[in-house]
Amino acid sequence: MILIHVMGGLGNQLYQYALYEKLKSLGKTVKLDLYAYTDATGDDREWRKLELDRFEGLDYEVATQKERMALLDNRMKIWDRVRRKLCGRQNKTVKETAEYMPEIFDMDDVYLYGFWECERYYHDILEHLRTKIVFPRSDNPKNIQCMKQMETENAVSVHIRRKDYLTVADGARYMGICTERYYEGAMRYIAQHVADPIYYIFSDDIEYVKKHYQGNTIRIVDWNDGDNSLFDMQLMSQCKHHICANSTFSMWGARLNSKPDKLMLRPLRHDNYEKIVIQKRLCDWENWIFLDENGDVCERE
């Protein structure tokens, strides 16, 4: 059996679910471990909500406490405690230590701990994932009207994430990646390849985008927040093309768009601490267009 630790916000939860589906397609017995949302306390407790259950038709098996403790070697029976004291802990956790770790496909009886965001893990089951990840119906007429309007336009989603990326801690990790030049370069690329684009701006900093993005080609989506933020991802997925932030949220919005001729643009880096080999990243994300912080397209060799 393989257990996958679930953590993070909606975008990361979808990555872990995608790996679950990939392993199932390989004939593995696999379950999701929701401990961080259900039973954990203190620093182990996930501060964000579990949102996987909000999708219609999305089903998965959940690990039991017994199964979890067996792979982590946390059982407290007397013989387990004696064995650990004599022989050491037999923790079977496999942590994500590289952008792409294909060796996990040959493993069994392990506990997988990581985000598993590389598209190469599951690019071959994307159509299957789109059939499973079905958004709930919004009762907000603005969302319904917005989707109808998008059908008549060359709608382009633009995600600008700022607030939590401006804090002292996250600023060092995320700032300087999605610069204004990045968005200028991305919109310039779209304008060169798409006739009459209309840009739908999604952001956690509405005051900023209203100040910086104006004009007849701009639509600012400012009505989904809190528990309704999920519907921003749905609206993104209804656009024809995508300009993503360094955010798993908008990358899933783009990925769930089933249009074969879509353009998906994203920043080269996700955070400032990762070490990347540019051509390997381009290979691992074969259907994406990467731009650097200067707004320049990263060319494939």
Side-chain angles (χ1 to χ4, degrees), residues 5-18 35-37 40-52 95-100 113-119 157-186 201-213 220-222 224-233 236 242-255 264-278 281 284-285 288 290-295 298:
H5 182 85
V6 181
M7 58 182 169
L10 175 57
N12 285 318
Q13 293 171 34
L14 286 174
Y15 277 117
Q16 291 142 15
Y17 169 76
Y35 170 81
Y37 301 90
T41 59
D43 292 340
D44 292 333
R45 183 78 180 186
E46 179 58 60
W47 60 273
R48 285 154 292 198
K49 293 182 178 180
L50 179 69
E51 296 192 77
L52 292 179
K95 292 187 177 182
E96 183 182 26
T97 56
E99 182 172 7
Y100 181 57
Y113 186 95
F115 291 107
W116 319 106
E117 295 173 359
C118 182
E119 183 141 321
S157 70
V158 181
H159 187 207
I160 300 175
R161 182 170 174 175
R162 282 174 52 83
K163 285 192 174 180
D164 61 333
Y165 284 4
L166 296 177
T167 60
V168 174
D170 286 339
R173 188 178 188 93
Y174 295 116
M175 288 307 296
I177 295 173
C178 288
T179 61
E180 290 185 6
R181 285 181 296 175
Y182 164 77
Y183 287 107
E184 290 168 0
I201 312 292
F202 300 85
S203 180
D204 59 351
D205 194 341
I206 296 301
E207 291 184 9
Y208 171 86
V209 297
K210 285 183 176 179
K211 180 179 178 180
H212 287 79
Y213 295 89
I220 296 176
V221 180
D222 61 358
N224 291 317
D225 55 15
D227 288 343
N228 290 322
S229 296
L230 172 145
F231 294 112
D232 270 0
M233 185 185 288
M236 290 178 185
H242 309 274
I243 298 173
C244 299
N246 52 326
S247 169
T248 61
F249 188 91
S250 52
M251 291 178 193
W252 272 106
R255 193 175 286 114
M264 299 184 294
L265 282 62
R266 59 153 289 181
L268 178 62
R269 294 185 178 276
H270 188 84
D271 67 55
N272 288 315
Y273 298 153
E274 63 182 348
K275 296 180 180 179
I276 65 170
V277 177
I278 294 178
R281 170 149 295 183
D284 288 341
W285 295 67
W288 291 73
F290 286 80
L291 288 81
D292 63 22
E293 65 274 13
N294 296 315
C298 302

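Note that the numbering runs from 1 along the sequence shown for the chain.
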On a heavy-atom basis, which atom in [X] and which in [Y] lie closest, and how many Å separate them?
X: V6; Y: A36; result: O-CB, 3.8 Å
X: V221; Y: N224; result: CG1-ND2, 4.4 Å
X: Q13; Y: L52; result: OE1-N, 3.5 Å
X: Y183; Y: A245; result: OH-CB, 3.6 Å
X: A186; Y: L291; result: N-CD2, 3.5 Å
X: Y182; Y: C244; result: OH-O, 2.6 Å

**Request:** Could you tell me whether a side-chain N or O of T167 sits under 3.5 Å from a main-chain N or O of D164, the two making a donor and an acceptor?
**Result:**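 Checking the backbone N and O of D164 against the side chain of T167, a donor-acceptor pair under 3.5 Å is found.
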**Message:** Would the distance check show the side chain of E46 and the main-chain N or O of G8 forming a donor-acceptor pair, the cut-off being under 3.5 Å?
**Reply:**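 Checked: pair present.
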**Request:** Return yes when atom CD1 of I206 has more than 12 non-hydrogen atoms of other residues, nucleotides or ligands closer than 6.0 Å, and no otherwise.
**Result:**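 Yes - once you tally the heavy atoms of other residues, nucleotides and ligands closer than 6.0 Å, there are more than 12.
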**Asked** With a cut-off of 6.0 Å (strictly less than), are more than 12 heavy atoms of other residues, nucleotides or ligands near CD of E274?
**Response**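 Yes, CD of E274 has more than 12 neighbouring heavy atoms, counting only those of other groups under 6.0 Å.
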**Item:** side chain to side chain contact (heavy atoms under 4.5 Å, CB included) evaluation trace for K49 with Y37
**Value:** CA-CA 7 Å; K49 293 182 178 180; Y37 301 90; 5.9 Å; no
Do [X] and [Y] touch side chain to side chain, with heavy atoms closer than 4.5 Å?
X: D232; Y: H159; answer: no
X: M175; Y: L166; answer: yes
X: Y213; Y: I160; answer: yes
X: W285; Y: C118; answer: yes

**Message:** Assess the residue pair W288 and H242 against the criterion (side chain to side chain contact (heavy atoms under 4.5 Å, CB included)); give the C-alpha distance rounded to whole Å, side-chain angles, the decisive distance to 0.1 Å, and a yes or no.
**Reply:** CA-CA 10 Å; W288 291 73; H242 309 274; over 6 Å; no
Between [atom1] of [X] and [atom2] of [Y], what distance do you get to the nearest 0.5 Å?
X: Y113; Y: E96; atom1: OH; atom2: CD; result: 10.5 Å
X: E99; Y: W116; atom1: CD; atom2: CH2; result: 12.5 Å
X: D204; Y: D222; atom1: CG; atom2: CG; result: 13.0 Å
X: E51; Y: M233; atom1: CD; atom2: CE; result: 8.0 Å
X: W252; Y: E117; atom1: CH2; atom2: CD; result: 10.5 Å
X: I177; Y: L268; atom1: CD1; atom2: CG; result: 9.5 Å

**Request:** Please report the C-alpha distance between Y174 and H270 in whole Å, then the side-chain angles of each, then the deciding distance to 0.1 Å, and finally whether the side chain to side chain contact (heavy atoms under 4.5 Å, CB included) criterion is met.
**Result:** CA-CA 7 Å; Y174 295 116; H270 188 84; 4.3 Å; yes
**Message:** Does the structure place the NZ or CZ of R161 under 6.0 Å from the centre of the six-membered ring of F249, at an angle of no more than 45° from the ring's axis?
**Reply:**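 The answer is no, since R161 fails at least one limit relative to F249.
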**Request:** Would you please name every residue forming a side-chain hydrogen bond (donor to acceptor under 3.5 Å, both in side chains) with D271, sequence neighbours left out?
**Result:**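 Only R173 meet the side-chain hydrogen bond (donor to acceptor under 3.5 Å, both in side chains) criterion with D271.
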**Message:** I'd like to check the side-chain hydrogen bond (donor to acceptor under 3.5 Å, both in side chains) partners of E184; sequence neighbours left out, ordered by chain and number.
**Reply:**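 With neighbours one apart ignored, the set is empty.
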